[in-house]
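All values derive from a computational prediction rather than experimental measurement. Residue numbers start from 1 in every chain, and the chains themselves are labelled A, B, ... in the order their sequence lines are given, proteins ahead of strands.
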Protein chains: 2
Amino acid sequence: MKPELCKVDQALGILVGKWKPIILLHLFNEGTQRFSELKRLMPEITQKMLTKQLRELEDEDIVNRVVYPQVPPKVEYSISAYGQSLQPVLAVMHEWGTNHASHIAKMKNDYVIGDSLVK
Amino acid sequence: MKPELCKVDQALGILVGKWKPIILLHLFNEGTQRFSELKRLMPEITQKMLTKQLRELEDEDIVNRVVYPQVPPKVEYSISAYGQSLQPVLAVMHEWGTNHASHIAKMKNDYVIGDSLVK
DNA sequence: TCCTTTAGTATCTTTTTGTATACTATAGCA
DNA sequence: TGCTATAGTATACAAAAAGATACTAAAGGA
């Protein structure tokens with residue numbers, strides 16, 4: 001396959017950002033959530049960021065956004081039918097990531113024990 | 001699985017950056033390459049970026065770096081044995097990315113045809 | 001009447017990424 | 001002697017991503 005045809009970054013574009021994987025994970029785990037519920041699940045995120053990430057995911061047809069015309073407003077987010085296709089991708093990445101974390105830990109450990117003390 | 005245990009970003013950390021996927025792809029495709037060969041394969045990248053990305057991949061044990069003690073210098077890069085484990089991850093992402101590109105194209109197209117002219 | 005709630009916007013500042021450009025050492029060659 | 005080639009480093013700068021903070025509308029309740 002030719003490097004110029006690489007579409008890895010298409011997937012990457014959906015997933016990168018400090019918050020997108022965790023937003024997706026919450027929606028996959030807990031199903032439909034309203035804005036304030038997501039915010040409560042992620043106390044560290046600012047509203048601006050949450051709004052922005054959700055809009056981007058909506059633009060890519062990964063999440064659905066449903067607005068109820070009432071006051072105070074109510075807006076619900078969920079993984080779209082198409083968005084479900086991301087699940088195996090996230091699963092593979094999560095699995096590799098989990099393994100990688102222990103690989104790196106092991107490497108560093110071996111190094112320290114083997115050389116006893118190198119910086 | 002609990003969101004706080006999500007390790008997707010571990011994988012993401014290896015892959016993000018404007019250049020990493022393409023560097024990896026070149027190394028997967030063409031095997032061992034020296035610095036200047038990689039540079040020639042990616043004329044747009046600056047030396048600083050190429051050096052930086054390669055160092056980061058080396059730190060994560062994804063690529064091997066072999067220095068030949070000669071002048072002018074010769075340094076060869078290749079995917080490490082452990083780095084091979086990334087291949088299925090990249091494959092899944094590439095596959096999803098390819099499909100996603102056409103999904104989005106189709107969506108936009110439908111929209112324009114369906115509504116004839118919006119915005 | 002004022003306070004609370006919700007799902008945002010609007011600005012501004014900081015941090016992180018990436019780019020541009022110039023510079024280095026040294027062997028071998030003309 | 002001066003030029004080329006290689007794999008970088010150093011410095012300055014620009015652009016993108018993220019964070020902090022303040023603000024909004026309008027219904028319902030005290």
Side-chain angles (χ1 to χ4, degrees), chain A residues 3 6 8-27 30-60 62-78, chain B residues 3 6 8-27 30-60 62-78:
Chain A
C6 173
V8 167
D9 48 342
Q10 286 274 341
L12 233 34
I14 307 299
L15 265 16
V16 292
K18 187 171 170 183
W19 299 104
K20 280 191 191 139
I22 193 149
I23 291 172
L24 290 171
L25 201 52
H26 280 299
L27 291 176
E30 342 260 337
T32 302
Q33 300 285 311
R34 45 194 301 195
F35 186 86
S36 55
E37 290 169 326
L38 285 171
K39 181 75 185 65
R40 265 188 283 275
L41 290 168
M42 295 171 278
E44 308 282 76
I45 199 175
T46 62
Q47 276 179 291
K48 179 192 166 187
M49 272 296 117
L50 183 52
T51 302
K52 188 166 168 264
Q53 307 305 302
L54 286 168
R55 285 292 190 287
E56 288 174 14
L57 291 168
E58 192 197 357
D59 288 345
E60 301 284 350
I62 308 297
V63 312
N64 290 136
R65 176 170 179 268
V66 179
V67 181
Y68 295 83
Q70 60 186 48
V71 169
K74 175 177 173 184
V75 180
E76 281 184 346
Y77 293 92
S78 56
Chain B
C6 173
V8 167
D9 49 341
Q10 286 276 338
L12 233 35
I14 306 298
L15 265 15
V16 292
K18 188 170 169 183
W19 299 105
K20 279 190 189 138
I22 192 147
I23 291 172
L24 289 172
L25 201 54
H26 280 299
L27 290 175
E30 341 261 337
T32 302
Q33 300 284 313
R34 43 194 303 197
F35 187 87
S36 55
E37 290 170 325
L38 285 172
K39 181 75 185 65
R40 264 188 283 276
L41 289 169
M42 295 171 278
E44 310 281 78
I45 199 176
T46 62
Q47 274 180 293
K48 182 189 167 188
M49 270 297 117
L50 184 51
T51 302
K52 188 165 167 263
Q53 306 306 303
L54 286 168
R55 286 290 189 289
E56 289 174 13
L57 291 169
E58 193 197 355
D59 288 347
E60 301 282 351
I62 308 297
V63 311
N64 289 136
R65 176 169 179 268
V66 179
V67 181
Y68 295 83
Q70 61 186 45
V71 168
K74 176 178 175 184
V75 179
E76 282 185 347
Y77 293 91
S78 57

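When the salt bridge (Lys or Arg N to Asp or Glu O under 4.0 Å) test is applied to B:K48, no partner is found at least two apart in sequence or on another chain. The side chain to side chain contact (heavy atoms under 4.5 Å, CB included) search around A:Q10 returns A:K7, B:H100, B:A101, not counting sequence neighbours. Looking at residues two or more places apart in sequence or on another chain, you find no salt bridge (Lys or Arg N to Asp or Glu O under 4.0 Å) involving A:E58. For A:K52, the salt bridge (Lys or Arg N to Asp or Glu O under 4.0 Å) partners at least two apart in sequence or on another chain are A:E56.
Taking atom CD1 of B:I23 as the reference point, atom P of C:dG18 lies 10 Å away to the nearest angstrom. Atoms CG (B:L15) and P (C:dT17) sit 15 Å apart, rounded to a whole Å.
Note that CG of A:L27 and CD1 of A:I22 are 11.0 Å apart. Values are rounded to the nearest 0.5 Å. Expressed to the nearest 0.5 Å, how far CD1 of A:I14 lies from CG of A:D9 amounts to 10.5 Å. Here the straight-line distance linking atom CG of A:L57 with atom CG of A:N64 works out to 11.5 Å at 0.5 Å rounding. Once rounded to the nearest 0.5 Å, the distance linking CD1 of A:I23 with CG of A:L15 reads 11.5 Å.
In this structure, the helix from C:dT1-D:dA30 to C:dA30-D:dT1 shows an angle of 30° between the axis at its start and the axis at its end, each fitted on 5 base pairs and rounded to 10°.
Taking every nucleotide of DNA chain D with any atom under 4.0 Å from a non-hydrogen atom of chain A, the first and last of them, 5' to 3', are D:dA18 to D:dA27.
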Which side-chain N or O atoms in residues 66-78 of chain A pair as donor and acceptor under 3.5 Å with protein atoms at least two apart or in another chain?
residue, atom, partner, partner atom, Å
A:Y68, OH, A:E76, OE1, 3.0
A:Y77, OH, A:R55, NH1, 3.4
A:Y77, OH, A:R65, NE, 3.2

Show me the side-chain donor-acceptor pairs of residues 35-47 of chain B shorter than 3.5 Å, one per line, residues at least two apart or across chains.
residue, atom, partner, partner atom, Å
B:E37, OE1, B:R34, N, 2.7
B:K39, NZ, B:P43, O, 3.4
B:K39, NZ, B:I45, O, 3.1
B:T46, OG1, B:M49, N, 3.3

Revision key, fill the gap. With B for base contact, S for sugar-phosphate-only contact and - for none (protein heavy atoms under 4.0 Å), nucleotides 4-15 of chain C reads -BBBBS-BB---
